[in-house]
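Start at 1 and go down the list; that is how both ligands and their atoms are numbered. None of the values given here were measured: they were computed from a predicted structure.
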Amino acid sequence: MGGKCDIELIDKKGKRVDGRTPEQLRDVKIEVGVLHGADGSCYLEWGGNKVMAGVYGPREAVPRRVQNARRAIVQCKYNMAAFSVDERKRPGPDRRSREISKVISEALEAVVLTEMFPRASIDVNIEILQAEAGTRCAGLTAAAVAMADAGIPMRDIPVACAAGKAGGHVVMDLGKLEDNFGEADLPIAIAPRTGEILLMQMDGHLTPEEFERAFQLAFDGCIKVGELQKKALMEKYAKAVPEGNGNEAAKEE
Ligand code: ADP
């Protein structure tokens, strides 16, 4: 962020380096229930980001010292695979992945009905298989779908999206070059039903007016991606429910 490059991040016609308009999201694809070993899972592609999320639990929290006698905790581990970036990333946790794990855990925990499961842990694993800017938003969005797939009782399905500033313009959902050489990045996560903000971080500089515009764009992006989350869940679960209201057999008797 804030680097210098010779590339025009937005041209005179208002088109971005990848051909998008300032208000346009990258393509997002969501698949539910892709892992057999997890209680819930999701594979998500967001532009060039490829993310796998697996959820386990609620199950007894270990070690016992992390247990809360009144409620469940959400423990998220965000990890970038060594092959997820152009130059091999050193494997294992670093400062950045610990920070992202913490903020995603807190965002997800805010919507879970944690009082239902004292002493339990809901374990969320997010693996970034390919990274192209915006992985915390993609990871949180995939994790929320995996939690719904695992049947975790939640008040809402969290969803995330970023906006920022690149080439002097406020734009939706920064791509890789915009993230590297742009002026600001503002990832947010919301609970779409209430509009509650579950995560908000900012990197770079924005004026108050630019901040408001970027926030609105990120919020609109969350709503759009939230619709895709619901569609993906419906696609899996609508197939599992018989056509009609399921009472046909009872009526025939
Ligand atoms: P986010 O992925 O949520 O946008 P950052 O702003 O920290 O988080 O990272 C932006 C992008 O920088 C990532 O999506 C990834 O493409 C790249 N990146 C992050 N960490 C590394 C790393 N250790 N090595 C190479 N590229 C990285």
* Which atoms of ligand 1 have any heavy atom of Glu132 under 4.0 Å away? ->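 Those of ligand 1 that fall under 4.0 Å from Glu132 are 16 (O).
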* Asked: In terms of atom number and element, which parts of ligand 1 are under 4.0 angstrom from non-hydrogen atoms of Ala131?
  -> 15 (C), 16 (O)
* ligand 1 versus Glu87: contacting region, heavy-atom distance under 4.0 Å -> neither
* To do: Determine whether the side chain, the backbone, both or neither of Thr135 has a heavy atom under 4.0 Å from any heavy atom of ligand 1.
  =>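 The part of Thr135 near ligand 1 is both the backbone and the side chain.
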Just to confirm my output: which protein heavy-atom neighbour is closest to [atom], and how far is it?
{"atom": "atom 18 (N) of ligand 1", "answer": "Met80 CE, 4.1 Å"}
{"atom": "atom 4 (O) of ligand 1", "answer": "Gly134 N, 2.8 Å"}
{"atom": "atom 23 (N) of ligand 1", "answer": "Lys89 CG, 3.8 Å"}
{"atom": "atom 26 (N) of ligand 1", "answer": "Val85 CG1, 3.3 Å"}
{"atom": "atom 10 (C) of ligand 1", "answer": "Asp179 OD1, 3.4 Å"}
{"atom": "atom 17 (C) of ligand 1", "answer": "Lys176 NZ, 3.8 Å"}

Please check if any side-chain donor atom of [X] sits under 3.5 Å from a side-chain acceptor atom of [Y], or the reverse.
{"X": "Tyr78", "Y": "Arg96", "value": "yes"}
{"X": "Asn49", "Y": "Glu132", "value": "no"}
{"X": "Gln75", "Y": "Glu109", "value": "no"}

* To do: Measure from atom 11 (C) of ligand 1 to every heavy atom in Ala133, Cys137, Gly139 and give the option owning the shortest one.
  =>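 It is Ala133 whose heavy atom sits nearest to atom 11 (C) of ligand 1.
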* To do: Tell me which one of Gln201, Gln130, Arg96, Arg136 gets a heavy atom nearest to atom 9 (O) of ligand 1.
  =>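 Looking at heavy atoms only, the winner is Arg96.
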* To do: Taking side chain to side chain donor-acceptor pair (under 3.5 Å) as the test, write out the residues that go with Lys236, two or more places apart.
  => Asp149
* To do: Answer yes or no: does an N/O atom from Asp94 fall short of 3.5 Å to an N/O atom of ligand 1?
  => no
* Asked: Shortest non-hydrogen contact from Leu140 to Pro158?
  -> CD2-CB, 4.0 Å
* Structure fact -> Scanning both residues in full, the closest heavy-atom pair of Ala53 with Leu35 reads O-CD1, 4.2 Å
Using distance only, find each side-chain donor-acceptor pair of residues 82-90 under 3.5 Å and give its atom names and separation, not counting sequence neighbours.
unit_1, atom_1, unit_2, atom_2, d
Ser84, OG, Ala81, O, 2.6
Lys89, NZ, Gly92, O, 3.3

* **Residues Asp27, Trp46; criterion side chain to side chain donor-acceptor pair (under 3.5 Å); working and verdict** => CA-CA 6 Å; Asp27 286 343; Trp46 186 321; over 6 Å; no
* Within-4.5 Å side-chain heavy-atom neighbours: Phe215 and Met200 -> yes
